[in-house]
Amino acid sequence: MTAPGSRDAVDAVVVGTGAGGAPVLARLAAAGLSVVALEAGREWRAGEDFATDEAAQEGLFWTDERLSAGSDPLAFGRNNSGTGVGGSTLHYTAYVPRAQPDDFHLNRDFGVGFDWPIGHAELAPYYDELERFLGVSGPSPYPWGPPRRAYDLPPLPLNGAAQLMQRGCASLGIRTAPAANAALSAPRHQTGFGHRPACSNRGFCQAGCSTGAKASMDVTFLPLARHHGAEIRAGCFVTGFERNAGGAITGVVYDRDGRTERQRCRAVFLCAGAVETPRLLLINGLANGSGQVGRNLMAHTGRQLWGRFDEMVRPYKGIPGGLISEDMHRPADVDFAGGYLLQSIGVMPLTYAGQVARGRGLWGEALRRHMRGYNHVAGINILGECLPSPTNYIELSDEIDRRGLPKPRSHFSAGENEKRLHTHAERVMREIWAAAGASDVWAYDRFAHVIGTCRMGASAQTAVVDGDCRSFEIPNLLICDNSVFPSALSVNPALTIMAVALRAADRFLGRDVQ
Amino acid sequence: MRQRDPLKRDQHYPPGTVRAAVDTDLVTPATARALRARLLPPAGQGVFDAAGRTVLVAACDRLLPQADRSAPIDLAGIVEDRLASGVGDGWRHDVLPCDAVAMQRGVAAIDATAHARHGLGFAQLDMLSRDAVLAAVQRGDVEAQAWAGLDPRRFFEELLAAVTEAYYAHPIAQEEIGYLGMADAKGWTEVGLGARAPHEPEPL
Ligand SMILES: Cc1cc2nc3c(=O)[nH]c(=O)nc-3n(C[C@H](O)[C@H](O)[C@H](O)COP(=O)(O)OP(=O)(O)OC[C@H]3O[C@@H](n4cnc5c(N)ncnc54)[C@H](O)[C@@H]3O)c2cc1C
Ligand code: SF4
């Protein structure tokens with residue numbers, strides 16, 4: 001390291017500060033490395049900036065336009081794409097079940113999909129660590145999956161939707177439990193941040209938690225990273241990379257307020273999420289010898305079922321995903337691979353009204369009348385497997401955005417497996433809601449989370465990165481975000497993204513520290 | 001227990017609950033700021049010409065009728081402001097042009113459909129005929145040449161969602177449905193079925 005300017009080179013640049021980037025940043029900084037995070041979004045102050053208002057939350061969404069094609073075009077923005085220091089965790093609802101061991105080898109079990117090069121055994125210690133560090137509130141013992149340590153914090157209180165799902169499931173013999181949520185049921189001190197109060201049941205996790213009770217990255221890993229000396233640069237949109245003759249990355253190029261800047265570095269962790277990560281690689285023609293960059297786009301099957309109840313539900317209160325059942329993780333006698341979990345859902349009025357408009361096509365007086373019953377509405381949804389398919393991918397379109405970069409286009413069409421799973425799930429959910437006493441029941445089709453697009457695997461022919469998240473082609477490029485998942489898993493992704501990211505950082509440190 | 005079917009019983013809540021709450025310490029300053037800003041009238045300019053705006057206003061009147069309000073929420077103005085801001089929702093259907101262009105062309109196509117079927121502009125139609133035109137667009141059952149390059153069903157869904165969200169984001173619409181989630185300063189201690197804090201409205 002004698003080249004001119006190398007004094008300015010940091011050990012690693014982390015691109016993106018969401019569920020993947022933030023844990024990496026904290027881990028590397030704690031190990032004494034010099035690290036800089038480049039984040040396209042702005043910095044928020046949890047206590048002051050977050051209004052308890054759905055329309056005001058729009059600042060948290062990634063609003064650069066993406067094109068959506070296919071027979072089930074994916075909705076981005078509010079549905080699944082955050083931005084800001086903290087990434088999509090600023091508005092995730094903090095539902096954090098662990099994946100189960102068989103989630104990692106669907107192909108071995110069913111002959112479809114693509115297996116992970118690592119498994120539950122490698123990730124379990126990280127799940128333990130994360131639940132403790134984030135402050136996950138959950139039930140102990142946990143009814144599903146292999147034996148595990150108890151959650152440090154008891155579960156959060158059940159809201160109306162959770163109680164109704166509990167009632168419906170109980171009469172059908174389906175087991176339920178209060179869900180694991182990354183929100184505090186008791187206050188605590190968080191290193192680098194300070195006091196985090198207990199959740200006040202505002203139900204508004206999707207708008208950014210105004211109190212710090214929710215374990216988004218801005219109140220957990222990012223303050224820890226800063227505490228250990230990491231620098232986080234907000235408002236920096238990465239556009240390219242500089243490389244040396246050997247192909248290694250020597251610097252990251254980014255746009256800050258219309259100016260081009262560069263940060264020299266010895267390694268890059270690309271954590272920009274499952275749309276922007278492949279988009280950046282495709283724009284720069286990098287790391288795509290396998291041809292898999294952008295391929296294998298998956299989105300969780302997420303059909304929702306809404307119903308009206310005689311009781312007052314007031315669905316805006318309490319942690320939104322209060323209850324869980326994993327009894328359908330691998331249901332018997334079905335015609336599809338994999339399975340799903342069941343979740344109760346509270347809902348805010350704008351989200352619900354938008355779904356009534358889109359899903360039921362109600363308008364006029366019928367819409368207003370339906371909405372006047374809002375306080376009696378409760379929902380359940382599933383979160384289920386989605387298989388990779390050659391028809392589902394992210395590509396660059398020929399439309400140029402305001403930065404002069406090609407807009408990404410996603411192609412997504414549900415396949416036979418997703419359709420069968422949805423059919424099964426809707427039948428089960430209808431039984432539960434009928435048993436709970438619902439009327440005016442209706443289903444809303446939804447695909448949640450953007451997954452895949454730079455998958456990990458055992459070989460450079462079929463995958464973009466290895467099990468340690470290292471590019472097969474560029475020695476000092478790692479990818480740590482939702483794009484590395486080779487399969488969707490039948491659970492919400494954030495906890496596993498963080499676990500994979502922490503493990504990748506540890507592997508990176510192990511190799512280089514020695 | 002379940003004699004009273006809430007479906008048959010149309011719920012009505014007392015007016016004024018949200019406006020009253022916003023001015024108390026039940027609502028945090030950040031939330032109160034957001035809600036107060038939304039009580040101001042929109043500018044309603046920058047995207048449509050006068051003819052287009054007339055059609056949009058007439059469509060909003062049917063998609064979310066407010067005949068019961070002496071001062072209806074200016075939904076067309078809110079939708080136009082949003083389009084004029086250029087801030088989208090982060091995605092669009094590949095088959096649709098950008099949001100503002102889709103809306104201009106869709107509104108013109110609604111008007112052309114009205115002319116083709118009734119010999120009058122959309123805004124000149126009586127309520128029943130307007131509803132028939134909108135329902136045809138929603139079904140995709142429309143004259144091909146007026147809708148060349150624009151999928152009527154997708155367009156209708158986007159228009160309806162935009163108008164619906166403009167309406168239910170408004171504090172006055174939120175009190176219509178008995179929502180008090182903006183009272184965020186204290187949070188909620190009871191969240192189960194039937195639980196009600198003293199400041200939460202009850203149906204009339
Ligand atoms: C409304 C909602 C609810 C959710 N609820 C849950 C839940 O309950 N449980 C769960 O497990 N998951 C949930 N998720 C999903 C979860 O938040 C995401 O899966 C997770 O945050 C993805 O992590 P990531 O690191 O891949 O990307 P992100 O967290 O999205 O982070 C990517 C970051 O990279 C930045 N970035 C992108 N491009 C660039 C660039 N070129 N230069 C610089 N920075 C860039 C972005 O601004 C962003 O901050 C939810 C998501 C949403 C939107
Ligand atoms: S429900 Fe709890 S965790 Fe979620 S935003 Fe409200 S206080 Fe924060």
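Below, read A as the first sequence line, B as the second, and so on, with proteins coming before strands; counting in each chain starts at 1.
- A salt bridge links B:Glu158 with A:Arg358: the distance from a Lys NZ or Arg NE/NH1/NH2 to an Asp or Glu carboxylate oxygen falls below 4.0 Å.
- Between the side chains of A:His376 and B:Gln11, at least one donor N or O lies within less than 3.5 Å of an accepting N or O.
- Among the candidates A:Thr211, A:Leu362, A:Asn159, the residue making the largest number of heavy-atom pairs closer than 4.5 Å to chain B is A:Asn159.
- Ranking A:Cys199, A:Ala55, A:Ser68 against chain B, the residue ahead of the rest is A:Ser68, based on heavy-atom pairs under 4.5 Å.
- There is no contact between B:Ala173 and chain A, counting heavy-atom distances below 4.5 Å.
- Among A:Arg402, A:Glu399, A:His370, the residue making the largest number of heavy-atom pairs under 4.5 Å with chain B is A:Glu399.
- Using a cut-off of 4.0 Å between Lys/Arg side-chain N and Asp/Glu carboxylate O, A:Glu65 and A:Arg409 are scored as not salt-bridged.
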Exercise for the section: Verify ring pair (Phe, Tyr, Trp, His ring centres under 6.0 Å) between A:His91 and A:Phe61, making sure each step is shown before the conclusion. Expected result: CA-CA 9 Å; A:His91 68 119; A:Phe61 304 141; 5.0 Å; yes

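- Heavy-atom distances place the backbone of A:Leu158, and not its side chain, under 4.5 Å from chain B.
- Between B:Arg82 and B:Glu165 there is no salt bridge, since none of the side-chain N atoms of the basic residue sits less than 4.0 Å from a carboxylate O of the acidic one.
- In this structure, chain B has a heavy atom under 4.5 Å from the backbone of A:Leu74, while its side chain stays farther away.
- Residue with the most contacts toward chain B among A:Arg368, A:Arg202, A:Glu54: A:Arg368 (heavy-atom pairs, distance under 4.5 Å).
- B:Leu96 does not touch chain A: none of its heavy atoms, backbone or side chain, sits under 4.5 Å away.
- Heavy atoms of A:Glu58 lying under 4.5 Å from chain B belong exclusively to its side chain.
- With a threshold of 4.5 angstrom between heavy atoms, B:Ala169 approaches chain A through its backbone and through its side chain.
- Contact of B:Asp131 with chain A is made through backbone and side chain together, with heavy-atom distances under 4.5 Å.
- Judged by the 6.0 Å distance and 45° axis criteria, A:Arg42 is positioned over the aromatic ring of A:Trp44.
- No part of B:Arg139 comes within reach of chain A, as not one of its non-hydrogen atoms sits under 4.5 angstrom from that chain.
- Classified by interplanar angle (parallel below 30°, tilted 30° to 60°, perpendicular above 60°), the ring pair A:Trp306/A:Tyr352 is perpendicular.
- Residues passing the salt bridge (charged side-chain N to carboxylate O under 4.0 Å, His left out) test with B:Arg154: none are found, sequence neighbours excluded.
- Note: A:Leu164 leads A:Leu164, A:Val356, A:Thr351, A:Asp49 in heavy-atom pairs under 4.5 Å with chain B.
- Contacts of residues 51-60 of chain B with chain A at a heavy-atom distance below 4.5 Å are absent; not one residue qualifies.
- A:His411 and A:Glu395 share a donor-acceptor pair across their side chains, judged by distance under 3.5 Å alone.
- Proximity to chain A among residues 68-78 of chain B is limited to B:Asp68, B:Arg69, judged by heavy-atom separations below 4.5 angstrom.
- B:Glu200 and B:Trp188 share no side-chain donor-acceptor pair at under 3.5 Å.
- Of residues 21-33 of chain B, those residues lying under 4.5 Å from chain A by any heavy-atom pair are B:Ala30, B:Thr31, B:Arg33.
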Problem - Steps toward salt bridge (charged side-chain N to carboxylate O under 4.0 Å, His left out) verdict (A:Arg369, B:Asp10) - result: CA-CA 7 Å; A:Arg369 186 184 159 93; B:Asp10 193 0; 3.6 Å; yes

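- A salt bridge links A:Asp53 with B:Arg38: at least one charged nitrogen is closer than 4.0 Å to a carboxylate oxygen.
- Across A:Pro315, A:Gly318, A:Gly364, the residue that shares the most heavy-atom pairs under 4.5 angstrom with chain B is A:Gly364.
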